[in-house]
Amino acid sequence: MKTPRGDGTAPYGSWPSPIGAALAASLDGRPEYVGAIGAEVWWTVPRPAEGGRRALIRRPADGGPALCALPAPWNVRSRVTEYGGLPWAGAERPEGGPLVVFVHFADQRLYAYEPDAPGSPAPRALTPVSAVGGGLRWAEPVLRDGEVWCVLEEFTGAGPADVRRVLAAVPLDGSAAEDRSLVRELTDDRYRFSTGPRLSPDGRQAAWLVWDHPRMPWDGTELRLAEVTADGRLEEPRTVLGGPEEAVAQVEWTTGGSLLAVSDRGGWWNPYRVDRGPGGEAVAVNLCPREEEFGGPLWKPGLRWIAALPDGLVAVLHGRGSSVLGVLDPESGDLVDAAGPWTAWQPTLAVSGSRVYGVAASPRSAYEVVELDTATGHARAVGGRGSPEADGAAGAPGPGPADRADPAYYPEPQSRTFFGRGGREIHAHVYPPHHPLLRARPDELPPYVVWAHGGPTDHVPPVLDLHIAYFTSRGIGVVEVNYGGSTGYGRAYRERLREQWGVVDVEDCAAVARALAAEGTADPDRLAIRGGSAGGWTAAASLASTDLYACAAIIYPVLDLAGFAAETHDLESRYVDGLAGPPQTLALLSRERSPVARADRITAPFVLLQGLDDPVCPPAQAERLLAAMRGRSVPHAYVAFEGEGHGFRRADTMVRALEAELSLYAQVFGFERADIPRLVLSD
């Protein structure tokens with residue numbers, strides 16, 4: 001790392017920064033799965049320093065400090081479809097205090113916990129352990145009488161496709177903890193995938209979403225509705241909305257008993273009320289017809305973009321690209337947005353009386369739990385992701401990510417629209433290098449790294465991310481590209497990637513990079529690309545199809561289309577049908593597009609980062625690329641992490657990954673970094 005010159009300048013990439021890899025890693029992640037138990041608000045937070053566990057946090061009704069409800073090693077996280085889903089639910093006990101049910105990651109059993117009961121009893125198991133395949137898994141629970149209704153995922157063999165999913169009822173008395181036969185199955189397994197049940201206010205109806213291979217939930221889902229019998233069973237359900245070409249993202253009940261749904265039947269995910277027509281047929285009424293998204297990709301059961309308030313109003317997340325929180329009057333269609341600095345909200349909402357709770361961030365603040373009082377219009381932050389250092393004996397979460405980093409080093413994102421082949425729009429967020437005390441000389445252009453997001457059916461909002469700040473505060477620009485296929489811009493934009501994965505995403509990222517270079521924002525000779533999961537595919541495919549990039553960081557990637565379809569988990573085992581093409585053409589397309597098959601065209605250096613316990617993009621993908629590169633004079637490095645799955649969760653893993661990536665850029669872009677271990681590149 002060079003000492004700054006006397007004129008306050010230093011080469012891009014060499015700037016010193018207080019935003020270190022350890023800080024960025026220790027504060028990685030965001031709150032999730034917000035819920036209300038009476039007047040209390042609860043949520044989960046990541047703990048990278050504790051092996052990546054997710055802690056359950058509760059904020060008392062009196063507004064006092066939030067507490068960690070469960071000490072380590074309790075890890076509140078589901079593995080349903082591997083990505084998980086809503087892992088907890090709660091209700092007030094008749095004798096006072098909360099009753100919480102949750103999924104513990106280590107054994108995937110459901111547990112019941114009464115933290116305020118006399119004697120502070122430990123959590124007690126509700127479901128049995130199964131050694132078959134991946135065992136029994138549970139998600140999106142809801143308490144009903146003396147049972148927990150939820151999604152049951154049951155593996156029937158050793159393969160990822162040997163699985164069935166149904167709605168099930170688990171007795172709260174713990175009798176099923178040793179006896180699987182006491183778990184009541186509420187539905188059959190005719191559909192491959194299901195969300196959890198949403199019960200009507202009177203408890204007489206249940207609604208949920210289903211879909212089947214080869215569709216993904218943003219392709220087409222069905223809203224199922226069934227009557228609940230007096231003895232707690234479901235009558236034969238009927239489909240009231242959705243189908244193969246209509247994606248229903250969420251179902252919700254109003255307190256008055258109306259059925260709401262978020263559907264993209266008009267090309268955008270909008271909120272609908274499902275009425276009964278004169279002949280008994282379902283009639284969908286659009287409550288707020290806009291070319292905006294009121295929903296998103298249903299990667300996990302339990303995501304919520306809408307939530308009903310007791311007075312008949314509905315809290316909604318909506319927007320183009322990023323979502324903001326608003327309150328919708330379903331009768332008039334009026335929509336009023338919440339005040340405050342937050343510019344992006346995550347799909348988790350909870351309601352307690354007139355208050356709405358969610359998780360939001362901005363370019364200057366990381367994700368935090370936000371409370372909106374709809375009676376007054378006042379919004380405020382009430383909790384963050386939590387900090388183990390501040391837990392102490394009381395277990396209080398400490399400062400959020402922004403509280404321990406100097407805001408003077410934060411980048412200022414620029415949301416821009418670029419244009420690609422045929423004049424198609426490409427949405428991106430540009431993060432220029434930024435340092436409060438240093439700059440580069442006027443004749444030097446900065447290096448830039450194109451970040452390709454995962455999914456690929458997903459998107460990235462322009463919010464504070466210390467992983468981005470780690471690079472920009474050192475003099476490396478970042479541009480996040482919401483390439484064709486991303487969500488947030490309507491179904492037509494999403495469909496641009498259909499059968500074009502490895503083409504449209506690669507072209508769109510390249511178009512943005514070339515545009516930045518052409519306008520003098522980025523150094524055309526110091527462009528890189530990086531991505532994880534599907535973004536890792538785009539990064540590797542880019543190296544194999546263009547000489548635009550000087551290097552790449554490829555993180556737990558897809559690298560072989562045919563192998564991915566055969567090796568990945570059940571949820572995404574037919575994903576490539578829509579992304580690349582049907583099974584009968586997959587072998588040909590895999591040869592034409594897969595980085596493994598086109599490894600002879602890769603000439604730029606790269607680092608490949610991989611979790612060895614990844615069930616989504618197994619290490620075999622990375623190993624095949626390494627084998628294909630063997631004997632070729634292309635500098636590269638492979639860094640594998642024991643105990644990590646799909647998405648790095650441990651602080652030490654993230655530190656090593658960030659420093660390895662920075663070392664790659666230093667060696668390729670030609671700047672000095674003596675403050676990090678040197679990544680050994682071999683050929």
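For reference, positions follow the sequence shown, starting with 1.
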Take Asp508 and Val512, measure what side-chain contact (heavy atoms from CB on, under 4.5 Å) needs, and give me the verdict at the end.
CA-CA 6 Å; Asp508 284 2; Val512 171; 5.8 Å; no
Side chain Ser78, main chain Trp138, donor-acceptor under 3.5 Å
yes
Please work out whether the ring planes of Trp345 and Trp342 are parallel, tilted or perpendicular, with thresholds of 30° and 60°.
perpendicular
Please test Ser354 against Asp373 for side-chain hydrogen bond (donor to acceptor under 3.5 Å, both in side chains), starting from the C-alpha separation and ending with a verdict.
CA-CA 6 Å; Ser354 64; Asp373 187 339; 3.3 Å; yes
Just do the salt bridge (Lys or Arg N to Asp or Glu O under 4.0 Å) check on Asp264 and Arg494 with the steps written out, would you?
CA-CA 11 Å; Asp264 71 348; Arg494 245 173 33 238; 2.8 Å; yes
Looking only at heavy atoms, which two atoms of Leu527 and Asp523 are closest? And how far apart?
CG-O, 3.6 Å
For the residue pair Pro141 and Trp88, what are the closest heavy atoms and their distance?
CG-C, 3.7 Å
Distance-only check: which donor-acceptor pairs under 3.5 Å involve side-chain atoms of residues 61-70, not counting sequence neighbours?
| unit_1 | atom_1 | unit_2 | atom_2 | d |
| --- | --- | --- | --- | --- |
| Asp62 | OD1 | Gly64 | N | 2.8 |

Before you tell me yes or no, could you show the steps for Ser14 and Glu672 under side-chain hydrogen bond (donor to acceptor under 3.5 Å, both in side chains), namely the whole-Å CA-CA distance, both residues' side-chain angles and the distance that decides it to 0.1 Å?
CA-CA 6 Å; Ser14 70; Glu672 298 178 14; over 6 Å; no
Contacts under 3.5 angstrom, residues 292-299 side chains, donor-acceptor by atom type, not counting sequence neighbours:
| unit_1 | atom_1 | unit_2 | atom_2 | d |
| --- | --- | --- | --- | --- |
| Glu292 | OE1 | His318 | ND1 | 2.6 |
| Glu293 | OE1 | Trp269 | N | 2.7 |
| Glu293 | OE2 | Gly490 | N | 3.0 |
| Trp299 | NE1 | Thr457 | O | 2.8 |

Quick one: CZ on Arg77 to CZ on Phe105, what's the gap to the nearest 0.5 Å?
4.0 Å
Around atom CD of Glu642, are there more than 12 heavy atoms of other residues, nucleotides or ligands at under 6.0 Å?
no
CG (Leu658) and OG (Ser663) are apart, to the nearest 0.5 Å, by 12.5 Å
Contact between Trp74 and His104 at the side-chain level, heavy atoms closer than 4.5 Å - yes or no?
yes
For a 4.5 angstrom cut-off between non-hydrogen side-chain atoms, does Val356 reach Leu349?
yes
For a salt bridge (charged side-chain N to carboxylate O under 4.0 Å, His left out) with Lys300, tell me which candidate from Glu32, Glu140, Glu82 qualifies.
Glu32
Can you confirm whether the side chains of Arg304 and Thr348 place a donor and an acceptor under 3.5 Å from each other?
no
Close side-chain approach of Ser533 to Ile555, heavy-atom, < 4.5 Å:
no
Below 6.0 angstrom between ring centroids: does that apply to His434 and Tyr410?
no
I want to check something: taking the side chain as every heavy atom from C-beta on, are Leu608 and Pro557 in contact at a cut-off of under 4.5 Å?
yes
Aromatic ring proximity Tyr409/His435, centre distance under 6.0 Å:
yes
Could you check whether Arg320 pairs with Glu291 (Lys NZ or Arg NE/NH1/NH2 to Asp/Glu carboxylate O, under 4.0 Å)?
yes
Considering only NZ, NE, NH1 and NH2 on the basic side and carboxylate oxygens on the acidic side, decide whether Glu659 and Arg673 come within less than 4.0 Å.
no
Which atom of Val430 lies closest to which atom of Arg416, heavy atoms considered
CG2-CD, 3.9 Å
Does the pair Arg137 and Val103 meet the rule for a side-chain contact (heavy atoms from CB on, under 4.5 Å), with working shown?
CA-CA 8 Å; Arg137 301 176 181 177; Val103 179; over 6 Å; no
Any side-chain donor-acceptor pair under 3.5 Å between Tyr357 and Glu371?
yes
Distance-only, no hydrogens or angles: does the Glu644 side chain make a donor-acceptor pair with backbone N or O of Leu612 under 3.5 Å?
no
Would you say the rings of Phe641 and Phe648 are close, in the sense that their centroids are separated by under 6.0 Å?
yes
Taking all atoms of both residues into account, what is the closest heavy-atom pair of Gln414 and Pro432, and its distance?
NE2-CG, 3.5 Å
Test salt bridge (Lys or Arg N to Asp or Glu O under 4.0 Å) applied to Arg364 and Glu412, step by step:
CA-CA 8 Å; Arg364 306 296 293 174; Glu412 290 288 348; 3.1 Å; yes
Between Arg439 and Thr9, does the side-chain hydrogen bond (donor to acceptor under 3.5 Å, both in side chains) criterion hold? Intermediate values first, please.
CA-CA 5 Å; Arg439 64 188 187 282; Thr9 65; over 6 Å; no
Determine the minimum heavy-atom distance between Leu317 and Pro347, stating which atoms define it.
CD1-CA, 3.9 Å
Centre of Trp451's six-membered ring, under 6.0 Å away, within 45 degrees of the axis: is that where NZ or CZ of Arg530 sits?
yes
All N/O donor-acceptor pairs, side-chain side in residues 461-471, below 3.5 Å, sequence neighbours left out:
| unit_1 | atom_1 | unit_2 | atom_2 | d |
| --- | --- | --- | --- | --- |
| Asp465 | OD1 | His467 | N | 2.8 |
| His467 | NE2 | Asp28 | OD1 | 3.0 |

Quick check against the 3.5 Å criterion: does Ser323 have a side-chain atom that pairs as donor or acceptor with the backbone of Gly319?
no
Would you please indicate yes or no on a ring centroid separation below 6.0 angstrom for His453 and Tyr483?
yes
Without swapping roles, check the side chain of Ser362 against the backbone of Ser365 for a donor-acceptor pair under 3.5 Å.
yes
His646 to Pro615 - nearest heavy-atom pair and separation:
N-CD, 4.5 Å
Euclidean distance, Ile306 CD1 relative to Cys288 SG, rounded to 0.5 Å:
11.5 Å
Note, Tyr83 side chain near Glu572 side chain (heavy atom, < 4.5 Å)
yes
Do Ser322 and Thr343 have side chains that get closer than 4.5 Å, going by heavy atoms?
no
With a 3.5 Å distance limit and no angle check, can you tell me whether Ser415 reaches the backbone of His429 through a side-chain donor-acceptor pair?
no
Rounded to the nearest 0.5 angstrom, the CG-CG distance for Leu86 and Leu303 is 9.0 Å
Could you walk me through whether Leu325 and Asp337 pass side-chain contact (heavy atoms from CB on, under 4.5 Å), step by step?
CA-CA 6 Å; Leu325 174 64; Asp337 289 342; over 6 Å; no
Mind checking whether Trp42 and Tyr113 have ring centres under 6.0 Å apart?
no
Which distance, rounded to the nearest 0.5 Å, do you find between the OG of Ser542 and the CZ of Phe606?
13.5 Å
Interatomic distance, CD@Glu519 vs OG1@Thr521, rounded to 0.5 Å, equals 3.5 Å
Pro447 vs Tyr665 side-chain heavy atoms within contact, under 4.5 Å:
no
Does the side-chain contact (heavy atoms from CB on, under 4.5 Å) test come out yes or no for Leu56 and Val100, once each step is laid out?
CA-CA 10 Å; Leu56 186 61; Val100 178; 4.0 Å; yes
Does Tyr33 reach the side chain of Pro87, with side-chain heavy atoms less than 4.5 Å apart?
yes
For the pair Gln250 (side chain) and Trp305 (backbone), establish whether a donor and an acceptor sit closer than 3.5 Å, ignoring hydrogens and angles.
yes
